[in-house]
Enquirer: 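Just passing along the structure, written as structure tokens.
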Amino acid sequence: MKKILFVAFVLLTVGFLFGAKYIVGVSADFPPFESVENGEFVGFDIDLIKAIGEEMGFEVEIRDMSFDSLIAALVSGNLDIVISGMTITQERAEVVSFSKPYWTADQSVVVREDSDFNVTVLFGKRNVGVQTGTTGDLWVEENLVETKILTGDFKRYDTYVLAMTDLINKNIDAIVLDAPVAEGFAKVRPVKVVAILKTYEDYGIAVNKGNKTLLALINEGIERLEASGKLDELNLKHF
Ligand code: GLN
């Protein structure tokens with residue numbers, strides 16, 4: 001009996017380590033980390049998780065959903081992994097486990113390209129947008145709304161694509177979002193970055209809390225890609 005159990009355990013472990021497929025959640029409106037181009041998921045995060053999979057022997061299937069449903073989907077078991085430019089925060093780390101950081105970013109303020117706004121667009125009776133559930137959302141809430149520095153509308157959007165459209169259509173005056181992504185939008189839409197808010201955020205890959213095996217695979221994968229120079233290559237490709 002013990003022998004059978006042992007063999008079953010070995011088979012399960014081998015099956016888990018080789019040829020496993022994990023469902024990976026992204027919010028694909030965050031270029032150059034994740035977006036959809038010609039019906040394909042592309043971006044730094046997409047390449048990174050695929051490269052980790054190749055290195056560590058697992059396949060990935062990408063699923064797109066709104067940013068604020070990612071953690072719930074991970075916790076309920078509908079996703080195995082989340083990679084979505086997700087900042088490691090204390091609050092999130094209470095419900096999911098994060099890999100070692102793979103990126104560092106600040107928040108930024110984006111306005112229409114043809115406007116004269118600067119950082120003061122965040123003060124007074126202006127309308128500011130964010131993506132629901134992001135660290136940009138929290139930053140505006142804590143620093144501008146609760147303090148009554150911002151007295152206009154504070155609008156939350158499901159995606160940055162919707163927020164950008166509302167900004168360009170003059171329904172809002174500014175968006176607060178991660179700086180590298182703001183720069184990405186500024187290249188393809190008529191918007192510009194007018195201020196950087198130093199928040200020093202680290203991005204991590206999330207797995208279900210307690211899934212130590214998968215977390216160890218991901219961390220080992222990141223370390224190998226760092227050591228082989230592949231991470232630098234991805235960096236050059238996307239930034
Ligand atoms: N880094 C930010 C956060 O974790 C935004 C991520 C995103 O919108 N994809 O909240």
Side-chain angles (χ1 to χ4, degrees), residues 24-37 41-49 60 62-75 79 81-110 128-145 154-167 172 174-189 191 193 195-207 209 218 222 234-235 238-239:
V24 178
V26 299
S27 173
D29 65 337
F30 205 60
F33 289 93
E34 42 267 323
S35 58
V36 180
E37 266 175 30
F41 291 111
V42 294
F44 181 89
D45 283 350
I46 308 290
D47 283 352
L48 176 60
I49 197 65
V60 296
I62 310 288
R63 292 236 179 110
D64 188 17
M65 54 183 76
S66 70
F67 186 77
D68 73 325
S69 5
L70 288 168
I71 290 202
L74 192 58
V75 171
L79 297 174
I81 298 172
V82 167
I83 183 163
S84 205
M86 186 175 273
T87 303
I88 304 171
T89 66
Q90 219 178 341
E91 208 184 16
R92 290 173 183 160
E94 275 166 22
V95 279
V96 297
S97 295
F98 281 104
S99 69
K100 57 184 291 196
Y102 67 89
W103 199 269
T104 307
D106 293 306
Q107 293 295 309
S108 66
V109 182
V110 172
V128 176
V130 295
Q131 187 183 43
T132 312
T134 57
T135 44
D137 180 352
L138 276 180
W139 193 91
V140 173
E141 176 77 46
E142 280 174 23
N143 295 285
L144 304 177
V145 178
F154 175 34
K155 289 186 82 175
R156 293 187 167 94
Y157 297 86
D158 270 353
T159 69
Y160 284 121
V161 176
L162 292 173
M164 287 293 159
T165 305
D166 245 13
L167 178 66
I172 51 174
I175 301 175
V176 172
L177 80 162
D178 300 40
V181 177
E183 310 280 2
F185 274 110
K187 285 190 189 132
V188 294
R189 311 286 312 257
V191 298
V193 178
I196 301 290
L197 311 164
K198 284 289 186 189
T199 50
Y200 308 102
E201 299 174 40
D202 283 328
Y203 293 175
I205 302 173
V207 300
K209 210 163 177 66
I218 290 173
I222 297 176
L234 290 185
N235 203 333
H238 293 286
F239 294 92

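Just so you know, these numbers come straight off a predicted model, no measurement behind them. Just so you know, ligand 1 is whichever comes first in the structure, and atom 1 is the first atom listed for that ligand.
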Enquirer: Residues in salt bridge (Lys or Arg N to Asp or Glu O under 4.0 Å) with Asp64, at least two apart?
Expert: none

Enquirer: What's the spacing between Asp166 CG and Leu162 CG if we round to 0.5 Å?
Expert: 8.0 Å

Enquirer: Would Gln107 count as a polar contact of ligand 1, with the cut-off being nitrogen or oxygen pairs under 3.5 Å?
Expert: no

Enquirer: Would you confirm whether the ring centroid of Phe67 sits within less than 6.0 angstrom of the ring centroid of Tyr160?
Expert: no

Enquirer: So how far is it from Phe33 CZ to Trp103 CH2, rounded to the nearest 0.5 Å?
Expert: 5.0 Å

Enquirer: Nearest protein heavy atom to atom 9 (N) of ligand 1, by residue and atom, and its distance?
Expert: Ser84 O, 2.9 Å

Enquirer: Tyr160 heavy atoms, cut-off 4.0 Å: which ligand 1 atoms fall inside?
Expert: 8 (O)

Enquirer: Below 4.0 angstrom from a heavy atom of Tyr203, which ligand 1 atoms are there? Numbered from 1 as shown, please.
Expert: 1 (N)

Enquirer: Aromatic contact between Tyr203 and Phe98, with the criterion being ring centroids under 6.0 Å apart: yes or no?
Expert: no

Enquirer: Taking 4.0 angstrom as the limit and counting only heavy atoms of Asp178, give me the atoms of ligand 1 inside it, by number and element.
Expert: 1 (N), 2 (C), 5 (C)

Enquirer: State the atoms of ligand 1, each with its element, that fall below the 4.0 Å cut-off from a heavy-atom position in Met86.
Expert: 4 (O)

Enquirer: Who pairs with Lys187 by side chain to side chain contact (heavy atoms under 4.5 Å, CB included), at least two apart in sequence or on another chain?
Expert: none

Enquirer: Gly85: heavy atom below 4.0 Å from ligand 1, yes or no?
Expert: yes

Enquirer: List ligand 1 atoms under 4.0 Å from Arg92, heavy atoms only on the residue side.
Expert: 3 (C), 4 (O), 10 (O)

Enquirer: Which protein non-hydrogen atom lies closest to atom 8 (O) of ligand 1, naming both residue and atom, and how far is it?
Expert: Gln131 OE1, 2.8 Å

Enquirer: Without swapping roles, check the side chain of Gln131 against the backbone of Asp158 for a donor-acceptor pair under 3.5 Å.
Expert: yes

Enquirer: What's the shortest distance from atom 3 (C) of ligand 1 to any protein heavy atom, and which residue and atom give it?
Expert: Thr135 OG1, 3.4 Å

